[in-house]
Amino acid sequence: MNVATALISKWQIRLSRLSAGLSRAYQTHGLTGAIRKTWLAVRTRGPRGAMMRVVSSLRQHAASGLGHVQLNAFDAHYQALSPIADRPAPRPPRSPMIVIISDTTIPQCYRYRIENKLEYFRAQGVGVCFADANQPNEVISALQFASGVIFYRSMMDDAFMFYHGEAERLGLPTFYDIDDPMFDQGLIAQNANTEALEPAIQSALYRDAVSIRRAMASCDALLASTPDLASRMNAASGGKPAFVWRNVADQAALDLGDRLAREAANDQSTSLKIGYFSGSLAHEADFDIAAPALERLLASRDDVELLLFGHLGPRPMFDALSDRVTRHAVADYEPYLRAVAACDLVVVPLVDNGFNRCKSVVRFLDAALVQTPVMASMVGDYANLVRNDETGWLVTDDGWDHALARACLNAAGRHDIAQRARHFVETAYAVGSYAPALDAEHQNLLFGQPYASVGH
């Protein structure tokens, strides 16, 4: 195929996609609705901004489209706005009021990135609410009373463009929050865990990465769970300011951890249980870092058991030891924490790559809540936050045999490390003890008060 033919084919594909988008948009909105939306975009965003929005919207319609019920809510709002589009947007409320917009499809992310923020803002005397991205009337209503907006893990679909456009019309600062580099196709490709996923899931990850990056880049500022992630977000968004807002424990989790730790202390078992916990599909290569050492440990000691919790494929190396290897499916938060509390040691092996260096230490936080010590790879924020031999153990790829054998022989050391880890989380990484690393300008935008007064 020569260059000219390739270019023609490329533009034929693009025109076909736009045509499909036009067809679906017409079916959904009707001609009058489509013209009204386009005209409002021109009046509020200017010709160039309107064109970018229309093209992006058509791409989304061609790819999937949205339900009529949801789009009808958008259309009703556009129709109400049309007569007043030239008027100034309403002024934000005198008191801060933050709206966090997302869905609830990933429970563990919802807890750490949404529920904890709600608790944190309220502790600072700042009004805050969560609005489900799948409930447009709820989001539209919340935005009318907001002083700022946080989008969590949003993709550049028609709903996001509408919510973001409404925030712009109202003059609201917009923040984009995420806790892994799912916007970076290069890092996804580097992640060895991706290779274990089905081809359809891999394709979806790469496709969604583009959409996530576009949504992220459209916001005014970015929030990340780790320093490495903040740096990647800054680069991927074309230089938007990115700040670290780490995952921390809330008061309910601290209280639950206390109760589960007391329950686990009554266990009279004489075996030593090691736990590996995987909350998502993409951890196969991570587990393989420690799997051989774990197999050798179980083969050499009859008193050691292994709990494999969550998503993990078959491991034939453990077949001969199956009487001491237990598997447990993914569970809700309390049963999950109870399983962590029942362990004498939690292992967190990680492949050292750019993707994992962006990850937060959630599994360390969860284990600390129930006073179970953690042994983790010396990667990313584990290397930054876990103090070796004080609040946990840090291990290199070739050090798992020695580290596991040492930890299994030292019950007193496991107890002391678990106690120090719990104290560290309470005093430095809980909602009541942690403050996000924002500059004064963006602190003011979110909290409506001087930076120095927040978190102190």
Side-chain angles (χ1 to χ4, degrees), residues 98-118 120-121 128 130-134 139 148-157 159-161 163-164 167 173-191 193-194 201 204-248 279-283 353-363 365 380-381 384 434 436-438 442 445-446:
I98 304 301
V99 177
I100 302 175
I101 302 174
S102 182
D103 58 34
T104 58
T105 54
I106 310 178
Q108 66 269 32
C109 295
Y110 179 77
R111 181 178 198 95
Y112 276 106
R113 299 311 287 179
I114 296 176
E115 284 188 336
N116 287 7
K117 279 189 177 64
L118 297 175
Y120 188 88
F121 279 115
V128 64
F130 168 73
D132 190 333
N134 296 313
V139 178
V149 185
I150 297 175
F151 292 98
Y152 174 62
R153 290 184 79 93
S154 299
M155 289 193 285
M156 181 62 84
D157 56 17
F160 173 82
M161 288 188 290
Y163 300 147
H164 189 274
T174 55
F175 294 76
Y176 191 94
D177 182 29
I178 198 168
D179 47 0
D180 52 37
M182 297 307 295
F183 52 85
D184 192 319
Q185 290 180 322
L187 289 186
I188 294 172
Q190 290 175 18
N191 186 7
N193 295 296
T194 305
I201 297 177
L205 289 179
Y206 290 118
R207 181 182 66 248
D208 290 349
V210 176
S211 182
I212 292 171
R213 187 178 69 250
R214 287 174 177 165
M216 181 177 71
S218 71
C219 291
D220 301 318
L222 316 173
L223 303 175
S225 54
T226 68
D228 278 284
L229 183 58
S231 177
R232 295 280 184 175
M233 291 174 75
N234 172 263
S237 65
K240 293 291 180 70
F243 305 100
V244 177
W245 190 320
R246 292 189 184 276
N247 289 327
V248 296
S280 65
L281 294 171
H283 286 290
N353 56 36
F355 194 95
N356 280 343
R357 286 194 289 272
C358 289
K359 286 186 174 181
S360 68
V361 295
V362 164
R363 283 181 280 179
L365 293 177
D381 245 22
N384 296 332
Y434 174 80
L438 305 176
H442 292 87
L445 287 175
L446 277 176

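Each residue takes its place number in the sequence, starting with 1. Below, all heavy atoms of this structure are taken into account, side chains as well, without hydrogens, waters or symmetry copies.
The two atoms that bring Y434 and R246 nearest to each other are OH-N, 3.0 Å, heavy atoms only. Here the closest heavy-atom approach between residue S218 and residue H164 is recorded as O-NE2, 2.9 Å. The two residues I101 and A133 make their nearest non-hydrogen contact at CG2-CB, 4.0 Å. Scanning both residues, Q190 and G354, for their nearest heavy atoms gives OE1-N, 4.1 Å. Among all heavy-atom pairs drawn from L446 and I98, the shortest one is O-CD1, 3.4 Å. Closest heavy-atom contact between A215 and F160: O-CZ, 3.5 Å.
T174 is linked by a side-chain hydrogen bond (donor to acceptor under 3.5 Å, both in side chains) to D220, counting only residues two or more places apart in sequence or in another chain. The side-chain hydrogen bond (donor to acceptor under 3.5 Å, both in side chains) search around D208 returns none, not counting sequence neighbours. In this structure A224 satisfies the side-chain contact (heavy atoms from CB on, under 4.5 Å) test together with L229, A230, M233, sequence neighbours excluded. Every residue two or more places apart in sequence or in another chain was checked for a ring-ring contact (aromatic ring centres under 6.0 Å, His included) with F183, and none qualifies. For F130, the ring-ring contact (aromatic ring centres under 6.0 Å, His included) partners two or more places apart in sequence, or in a different chain, are Y110. Scored by the side-chain hydrogen bond (donor to acceptor under 3.5 Å, both in side chains) test, S225 finds no partners at all (sequence neighbours excluded). Residues satisfying the side-chain hydrogen bond (donor to acceptor under 3.5 Å, both in side chains) test with R213, not counting sequence neighbours, are none. Every residue meeting the salt bridge (charged side-chain N to carboxylate O under 4.0 Å, His left out) condition with D177, not counting sequence neighbours, appears here in chain and number order: R113, K117.
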Check the pair F355, M182 against side chain to side chain contact (heavy atoms under 4.5 Å, CB included), reporting the backbone distance first and the verdict last. CA-CA 9 Å; F355 194 95; M182 297 307 295; 3.5 Å; yes
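To the nearest 0.5 Å, atoms NZ (K359) and CG (N353) are separated by 8.0 Å. A distance of 10.0 Å separates CG of L222 from CD1 of I178, quoted to the nearest 0.5 Å. Taken to the nearest 0.5 Å, the CG atom of D157 stands 10.5 Å off from the CD1 atom of I212. A distance of 10.5 Å separates CG in D180 from CG in L187, rounded to the nearest 0.5 Å. Distance check: I188 CD1 to Y206 OH gives 6.5 Å after rounding to the nearest 0.5 Å. Here the CE atom belonging to M156 is positioned 10.5 Å from the CE atom belonging to M216, to the nearest 0.5 angstrom.
Using a 4.5 Å cut-off on side-chain heavy atoms (C-beta onward), I150 and S102 make no contact. A 4.5 Å side-chain heavy-atom check between R153 and D179 finds at least one atom pair inside the cut-off. Side chains of V128 and Y120 form no contact here, defined as non-hydrogen atoms less than 4.5 Å apart. Contact check for F175 versus L438: no side-chain heavy atoms found under the 4.5 Å cut-off.
Taking the six-membered ring where the residue is Trp, the centroids of F151 and Y163 are separated by 6.0 Å or more.
In this model, a donor atom of one side chain and an acceptor atom of the other lie less than 3.5 Å apart for S360 and N247.
Sorted by first and then second residue, the side-chain hydrogen bond (donor to acceptor under 3.5 Å, both in side chains) pairs with a member in residues 231-240 form an empty list; sequence neighbours excluded.
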